[in-house]
Structure formats: C-alpha cells, structure tokens
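Down below is the structure, laid out as structure tokens.
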Number of protein chains: 2
Amino acid sequence: MTARTSSDGDFDRPILTVDVVLMTLLEGHLSVVLAPRAIDPFKGKPALLGGYVRVNSDADADATVARVLSEKAKLKEVYVEQLRTFSGRKRDPRGWSASIAYIALLPLERLEQAAAGLVLKPADNPGNLPFDHNAIVGAARDRLRTKGAYSTLPARLLPPTFTLPEMQQVYEAVIGERLDQSSFRRKIAELGALEPIPGETRRSVTVRRPAQLYRLAAPITLFDKRL
Amino acid sequence: MTARTSSDGDFDRPILTVDVVLMTLLEGHLSVVLAPRAIDPFKGKPALLGGYVRVNSDADADATVARVLSEKAKLKEVYVEQLRTFSGRKRDPRGWSASIAYIALLPLERLEQAAAGLVLKPADNPGNLPFDHNAIVGAARDRLRTKGAYSTLPARLLPPTFTLPEMQQVYEAVIGERLDQSSFRRKIAELGALEPIPGETRRSVTVRRPAQLYRLAAPITLFDKRL
DNA sequence: CCAAAAGTGTTAGACTTACACCCATGG
DNA sequence: CCATGGGTGTAAGTCTAACACTTTTGG
C-alpha cells in the first residue's frame, strides 16, 4: 500500500494543491483577488491564488498557503482559515487532484503593498474562472456571509484599529442587510470583543465628529446569536 | 511543475487519505467507531476508519469515503459530511501526508449490520490513537456539539422515523444540557423540519403512552438560533 | 449656530423560560 | 383507577427592534 512510481495505477498519488480565496471590501462590495495564471493549463487566465504543496519546503498546508500568498501577492501575515477540500478526477485536466481551499481576509489598504497584476472581482460574480474556482469562490462567500453574522470574522476586513461606524459598515456589507446602530453597539459591547484605545479617535472622510478607535480584544470570537 | 517520480524532491506528491469519524450514541454517550489497523504502521491498533484515495476507482474523496465505509464497516448510505483536512510532514511516519477528515453519523441499531471487529469508544476519551487521530476526533466532536445546537444534524443519530422524546434525548446528549420539553417542541415545530407520520406511533421500552412518529422533512436544516 | 455623523436612552412588543396542567395507556 | 411518560397551555420575566434623542465636531 505504498505509493508507486508508475503511472495510471490505482496507487498513483493525486495532485495536491491549495487555493486561496483572498477577499476584501471594495466600495462596500465583497471582492475576490485573482491573479493571471503563470503556467498552463489556463495560462494567463485570472484564477484563485494557488499552488502545489511542496513536501520539502512546506511543513503543512498552512505553510503552503503562507508561501503562496507571499510569492504570488507579496503579502505576509494575512488572516487565513481553511474552508474545505475540493477533490476529484475531473476538476483539473492534468488528472485526479485535491485542492485544500482557504479563505483569506484583508483590508483594502493592505492590497496596495501587494504584488502588481492582481485583479479584483465582485465575489458575487467573479466571471468565468478555470477549474472549479467558481464553486470555491461560492463556498467561500457563503461561509463568510453565514459565519459573519455569528463571529468577529468580518473584522478581519478592517485595519488593526477601527471605529464602530466602520465596523458596522463592514458587517452590513458582509451580511447584506442594514443593522440598527444602537442594537449593533449593544451587542458588540456585551460580547466584549473590542477594547477602546484610550484617547485615540479618527475622523471620517467627510470631516465630522471623530469616532473612538477600537481594536479586537480576542483573535476571533463566536457568538450564539446573530448580530 | 509536473509531478516527478524520483523521491525526496520538492515536487514529490504527498500521500492522500481520508479518515472518517463515525459516531453514534451509546447509552446516551457520543461514541466513535474504531477499527484495528490492518497494515503497518500501527498494525493492530484501533484507529479511525480510513484509507488511501484511489485515483482510478474513486471519482472524488466522497467516493473514497463511501468505499472505506463499505469495505471496512460493511455500511452503505451513511450520512457523511466533510470536516476539514489535516496535513503535514509529521502526522504520518511514512512522510508528508494529507488526510481529508469526515464526520459520519448513524443510529446504534445500524451498527449491528456492520462488520465485526469494530470498537466503540467514548468520543470524549477514545484512548491513545495513532497518527493525529486524537486531534481529528476532537475536532469532529466539537463540530457536532456546536453545529448540533443550530441544525437538524443530530437527527442523523436516529433511525429514519423517531418520536419527539427520542429526538430530545439525542439533542440533550449531543449538546450536553437539559432542554425544556415545551420549548424544544415549539422550536422544532416552528422550524418545520419534521413531518408526522399519520397514525404511526411507538411505545417506549417501559410501555406507557405511545408517542407520535416523525421523519425529517428536509435533509438537513440550519437554524439561526440555538435550540 | 448649522449640518452631519457619533453615540445614548426608552419603550412597546416579541419571545422564552419555567412550570403547571391535561391526556393516553398498560397493568 | 393509578402510575408514568407524552403532550399542551400560560404567565412572568427577559430581550430586542425601532426610533427619538443628545453630543461633538468643522465650517
């Protein structure tokens, strides 16, 4: 039951890759970051950031993801979490393959430090993507929408410090519905997920009353009610 | 960037397997089904049901899972859902490997039709398992506990038809807390997840008033509040 | 002092919890 | 006709959505 080196046998090892659905918020719309494929198949076509697992350099699939984000987008320390694995004989023309799909979130500002050549597409309609990348993007979008209403996950679309109005806008964009300001604040406060940064405030673009700055108190928090 | 046949290269393909955390309810306690390993490493030790992905016979990883359940436990048409993928250089002594982990649920009765030699262990304390199987069981248990409070998932631990008292017992075992009978029934009714089977009832073991039999109306339903 | 956005308070109504109660059955 | 578990009703208390209101700022 060890792997063989011949081809076309039942004991051939499948291809193993990772694919990252890197998302951000652009003008209130959830968007996916795509990169033109460097190699065949589908060379030149915009696709998810992905790559082969390298058994010598990558300790595990999380390490592969970090490497891919670094190599293809020049990004480090992005928030990532595993989505699920897509597999099968038909998803890749090169043969039976499995791709461990990840969700990654970052604030728009950070994309400016990223590699050139990246493309931003609406997560709801990213166009026709190669492989099963449309299904992967769909699953990522659904997961963020669902989990977003029950966790501090959407905060990962914000910079390290942010105001409550900013945070509310992000939640509204992710969940896709308007939230009552008063209720939103009450719930966030109850959860104790945020800590104010004393004395620090920020004005919005149209300069009005400055808002208190906050940061996340805990890395990620799950609630047991919707926001 | 194609796979090579030589060993120890960065482009070697990793091992790809599936592991199934098959769970049932035994005397009110969530339990995992283990099987003694047929091959080395850890030959003879109880471990999760698992096996290599076979690129010729298995259309995708779901098919591998169905095959593994059929071959190792003589079970067909068991409810399964993907958990997540565990990967890395160190989890298997044979080298870099990825295992797509699945949760599978079935009622205790069905285990009687299963293969001999299977072992049932408490999900909370399955003993010392090989590979990272303790971590996988832990993740499966957590997922079932969390998702259980928000979905009809625990109903997959019941036979196709069941009574409301039976269902309530299952939820109490999975979530780990007592539920108010009246509230439980109201919530289940609101969700419309069950349909009564007209005229059909079942007596409990200690023969008293017979209870109405129900079946699931939809395959799986997610709620937006806890039960 | 006005406009606009940040932030707080209040109240009607919805929802739940906790418990009491009624019902059906076998012995 | 009683014991037991299935099944239903309800009142007190809690929670929340919705909206009105106050505060802070720049011009």
Side-chain angles (χ1 to χ4, degrees), chain A residues 27-28 148-151 155 158-159 161-173 175-215 217 222-227, chain B residues 27-28 148-151 155 158-159 161-173 175-215 217 222-227:
Chain A
E27 292 157 17
Y150 293 100
S151 69
L158 289 166
T161 67
F162 49 85
T163 68
L164 280 175
E166 286 166 357
M167 192 189 194
Q168 186 173 343
Q169 277 181 38
V170 168
Y171 271 86
E172 289 176 347
I175 307 177
E177 60 191 56
R178 296 248 107 198
L179 298 173
D180 180 80
Q181 193 186 28
S182 179
S183 306
F184 181 79
R185 283 159 180 264
R186 177 176 39 75
K187 289 173 187 175
I188 294 289
E190 272 169 9
L191 298 168
L194 300 188
E195 53 187 27
I197 306 167
E200 296 276 307
T201 58
R202 172 154 63 211
R203 280 180 271 285
S204 57
V205 196
T206 59
V207 189
R208 298 296 160 197
R209 173 177 177 178
Q212 174 65 48
L213 276 174
Y214 292 84
R215 73 165 69 89
L222 288 162
F223 328 144
D224 65 344
K225 322 169 194 169
R226 286 177 57 90
L227 269 183
Chain B
E27 291 158 17
Y150 292 99
S151 70
L158 289 166
T161 66
F162 48 84
T163 67
L164 281 176
E166 284 167 358
M167 191 189 195
Q168 186 173 344
Q169 277 181 38
V170 168
Y171 270 87
E172 290 177 346
I175 307 176
E177 59 190 56
R178 291 257 110 186
L179 298 173
D180 180 80
Q181 193 187 27
S182 178
S183 307
F184 180 79
R185 282 158 181 265
R186 177 176 37 75
K187 289 173 187 175
I188 294 290
E190 272 170 10
L191 297 167
L194 300 189
E195 53 187 27
I197 306 167
E200 295 277 305
T201 57
R202 172 154 63 210
R203 281 179 270 286
S204 57
V205 195
T206 60
V207 190
R208 296 297 159 197
R209 174 178 176 179
Q212 175 66 47
L213 275 175
Y214 292 84
R215 74 165 71 88
L222 287 163
F223 327 144
D224 66 343
K225 323 170 196 166
R226 285 177 56 94
L227 271 184

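In what follows, chains are A, B, ... by sequence order, proteins preceding strands, each numbered from 1. Please read all numbers here as calculations on a predicted model, not as lab measurements.
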Next on the checklist: Please evaluate residues A:Glu200 and A:Arg215 with respect to the criterion salt bridge (charged side-chain N to carboxylate O under 4.0 Å, His left out), reporting the C-alpha separation (whole Å), side-chain torsions for both, the decisive distance (0.1 Å), and the verdict.
Outcome noted: CA-CA 11 Å; A:Glu200 296 276 307; A:Arg215 73 165 69 89; over 6 Å; no
Item to check | Distance in angstrom units between A:Glu166 CD and C:dG7 P, rounded | outcome: 10 Å
Checklist entry - What's the CZ-P distance between A:Arg209 and C:dA5, to the nearest Å? => result 13 Å
Item to check | Integer-rounded Å distance: C:dT17 P and B:Leu227 CG | outcome: 10 Å
Item to check | Integer-rounded Å distance: C:dA18 P and B:Leu179 CG | outcome: 11 Å
Item to check | Verdict with supporting geometry, B:Thr163 and B:Thr201, side-chain contact (heavy atoms from CB on, under 4.5 Å) | outcome: CA-CA 8 Å; B:Thr163 67; B:Thr201 57; over 6 Å; no
Next on the checklist: Give the residues of residues 180-200 of chain A touching DNA chain D, defined as any heavy atom closer than 4.0 Å, sorted by residue number.
Outcome noted: A:Asp180, A:Ser182, A:Ser183, A:Arg186, A:Lys187
Item to check | Point-to-point distance, once rounded to the nearest 0.5 Å, from CG of A:Asp180 to CD of A:Gln168 | outcome: 7.5 Å
Checklist entry - Atom CG of B:Asp224 and atom P of C:dC15: how far apart are they, to the nearest Å? => result 12 Å
Checklist entry - Looking only at side-chain N and O atoms, does A:Lys225 come under 4.0 Å of OP1 or OP2 in D:dC15? => result no
Checklist entry - Rounding to a whole Å, what distance do you find between A:Gln212:CD and D:dT24:C1'? => result 13 Å
Next on the checklist: Between C1' on C:dA4 and CZ on A:Arg208, what's the gap in Å once rounded to a whole number?
Outcome noted: 5 Å
Item to check | Rounded distance (nearest 0.5 Å) linking atom CZ of B:Phe184 with atom CD of B:Gln169 | outcome: 10.5 Å
Checklist entry - Using 4.0 Å as the upper bound for N to carboxylate O, is an ion pair formed by B:Glu177 and B:Arg226? => result yes
Item to check | Nearest-neighbour nucleotide for the B:Leu164 side chain, D:dG7, D:dG26, C:dA6 considered | outcome: D:dG7
Checklist entry - Taking it one step at a time, do B:Arg185 and B:Leu164 satisfy side-chain contact (heavy atoms from CB on, under 4.5 Å)? => result CA-CA 8 Å; B:Arg185 282 158 181 265; B:Leu164 281 176; 3.6 Å; yes
Checklist entry - Which atoms form the tightest heavy-atom contact between A:Pro165 and A:Ala211, and what is the distance? => result CD-CB, 4.3 Å
Item to check | Length of the line joining A:Arg178:CZ and D:dA17:C1', which is rounded to integer Å | outcome: 15 Å
Item to check | Residue B:Pro165, side-chain heavy atoms: nucleotide from C:dG7, D:dG6, C:dA5 that is nearest | outcome: D:dG6
